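Computed from a predicted structure; not experimentally measured. Numbered from 1 within each chain, the chains take letters A, B, ... in sequence-line order.
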Amino acid sequence: MPVYNSDVAEIFNQVADLLEIEGANRYRVRAYRDAARTIATMSRNVSDMVEEDEDLTELHGIGEDLAGKIKEIVGTGDLEQLEEIEQRTPPALATLLEVEGLGPKRVKKIYEELEVTSVEELKEAAEEDEIRDLYGLGPKTEDKVLEDVERWSAVEERTRRDVAEERVEPLLTYLRDLEGVRRAEAAGSYRRKKETVGDLDVLAISGKGGDVIAQFVAYEDVEEIVSEGETRSTVVFRSGLHVDLRVVEEGSYGAALLYFTGSKQHNITLRNIALEQDLKVNEYGVWDTSGDPEEPEQVAGETEEEIYGLFDLPWIPPELREDRGEVAAARRGDLPNLITLDDVRGDLQMHTKASDGRGSLREMAEAARDLGHEYVAITDHSGYIGVTQGLEADELAERMDEIDEMNEAMGDVRILKGVEVDVLEDGSLDLPDDVLEKLDVVVFAIHSHFDLSADKQTERIIRAMDNPNVHILAHPTSRQIGKRSAYDVDMGRVMDAALERGCFLEVNAQPDRLDLDDLHCKMAKERGLKVAISTDAHTQDELRFLRYGVGQARRGWLEAGDVLNARSWDDLRDLLER
DNA sequence: GCCGTTTTCGGCCCGACTGTTTTCAGTCG
């Protein structure tokens, strides 16, 4: 059985949770979490590294001990240490840590004094008013626990980026219009352009915190006020989205923006650099601690650029702030020049009424032209999947004539002849070669048999790429955020095969797909494999989804040169020759 | 448990808020 990075990370996180409840040294606990994170976010497969006998201690946060444990997990699928811990401490206690207001200390207390080991028992204990009698806890904590447990199953944990966007932008407008507010921005994972956000972090500059907070909690979308202080408040929107507002003074704006944008790990890395220079970074600024430690002197804080500059670093774009090597790259002067929406010159996947889209050929082309695109590929579905009413070969031929006429009529945007052809279970394609070879762009996709083994799925995709007529693998893992997980596939092999055959992978910009994800984008870049950022639009409005795809590509360190459709049609056409 | 242009030992980010306290621990981000 293959051991994936996520398996190793999960075991380490479980060890960390249980050790923490047992009251182990917090830095030891953190070491397990750091290691889990390193393994989970690296683009290589750790079991490959073990197999090739590479030195695991080269990895950040992995020393001799954890390297040995990784080898054990890769070899056996389990960790003996975890089994031993689970003899002492019930594994389900780790789940209780996820309940709001419960940390390791309280979980330990509730377990030891009330023998609670599961969420169900926790709920019962709270309903029997047993929690409030414990020393250090009280009725409010008990109520909060009960409320959170009851809400748990109903609420989805993270909010998709587009859904968050719909609520953030009006809130920012509201805040900016308040008296005394000079700026308001969303920070956090939203600013880092993550595909989903947990809580939403919003920052406002104002001299008078209390007033702004009072107006914030009175905002129309607020359903519940979780906390309300002088400079900080947390509320829950009607949609269930948690929103944090922090109010800071102008001189601290850059420091606060940096701090609340995160990621946490990025900030920790910066703070450690600061410590080497006798500087302290907090959300109010950067402070020189070499003089009187009681009264440090503020040396920066108004802008992010100024703060990075103190550490001899260029400003690092928020999308890169994930502690995935961006600080080291910045130090070397080696930060990528990230692709922007303006760099994109066309769109290589969209649908019309001819299959499951809503706009006509002309409507889609005109909408794309209005966005400034130089070219668009019309890629209606092939016939295999009944629900999407795909095109048969003869219909596709008619379509090509139509496109020729439209190109002559319009002139200001080039319409490319394309298709999104289905890959059948055995890796063959749903349209004959003599049809495919006449097209400018052949997008190929998996829409069925998601449950094949990783080996079979990988072989299936590679076999499809063996056909010299295909160009771009659409939504390469077929995951749908919050709905369907990626199918099992060896993405490294798929990428290598694409590179050998002159094929490309897509970053599908639909906000519920964003597939390839950020780590896969980075993986492609490291191999020198180019990607297309395509909207897969089914309506004219969806052509604007490009911004989500660009956001994901930026998180994956991609530059204009890594992206097919950041090229002119002439250059792109050369690349599509196989 | 990890790590090192001070260090192989002694550190490991730091402040706000809440609820429970009677001066602060626990949790959170």
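Residue A:Glu276 is out of contact with every strand shown, counting any heavy-atom pair closer than 4.0 Å. Heavy atoms of A:Asn267 sit nowhere under 4.0 angstrom from any nucleic acid atom.
Relative to the side chain of A:Lys144, the nucleotides B:dT20, B:dG15, B:dG19 differ in distance, and B:dG19 lies closest. Here B:dA16 is the nucleotide among B:dA16, B:dT20, B:dC2 with the atom lying nearest to any side-chain atom of A:Glu283. In this structure, of B:dT20, B:dT27, B:dC17, it is B:dT20 that holds the atom nearest to the side chain of A:Thr141. Distance from the side chain of A:Asn282 is smallest to B:dG15 among B:dG15, B:dC2, B:dG29. For A:Tyr284, counting side-chain heavy atoms from C-beta on, the closest listed nucleotide (B:dG1, B:dG19, B:dG15) is B:dG15. Comparing B:dC14, B:dG1, B:dC13 against the side chain of A:Lys280 picks out B:dC14 as the nearest. Here B:dT18 is the nucleotide among B:dT20, B:dC12, B:dT18 with the atom lying nearest to any side-chain atom of A:Ser227. When distances run from any side-chain atom of A:Ile268 to the nucleotides B:dT20, B:dC12, B:dC13, the shortest one goes to B:dC13. Taking every side-chain heavy atom of A:Lys140 into account, B:dG19 is the closest of B:dC13, B:dG29, B:dG19. Listed nucleotides B:dG29, B:dG1, B:dG26 differ in distance to A:Arg232; the shortest reach to its side chain belongs to B:dG29.
Positionally, the nearest nucleotide of DNA chain B for A:Pro139 lies more toward the 5' end than for the other of A:Pro139 and A:Arg106. Residues A:Glu142 and A:Lys69 both approach DNA chain B. Their nearest nucleotides, taken by heavy-atom distance, put A:Lys69 toward the 5′ side.
For A:Tyr219 and A:Phe237, the gap between ring centers is short of 6.0 Å.
The side-chain heavy atoms of A:His520 and A:Pro476, taken from C-beta on, include no pair separated by under 4.5 Å. Looking at A:Tyr190 and A:Val168, their side chains come closer than 4.5 Å, going by heavy atoms from C-beta outward.
Side-chain to base pairing of A:Tyr259 with B:dG29: one donor and one acceptor N or O lie within less than 3.5 Å of each other.
Salt bridge status for A:Arg33 with A:Asp17: present, with a side-chain N to carboxylate O gap under 4.0 Å. A salt bridge links A:Glu185 and A:Arg176; the closest N-O separation between the charged side-chain nitrogens and carboxylate oxygens is under 4.0 Å.
Within the 4.0 Å cut-off from OP1 or OP2 of B:dC13, not a single side-chain nitrogen or oxygen of A:Arg271 is found.
What separates CZ of A:Arg30 from C1' of B:dG11 is a distance of 10 Å, to the nearest Å.
B:dC9 is paired with B:dG4 under the Watson-Crick or G-U wobble criterion, all donor-acceptor distances under 3.5 Å.
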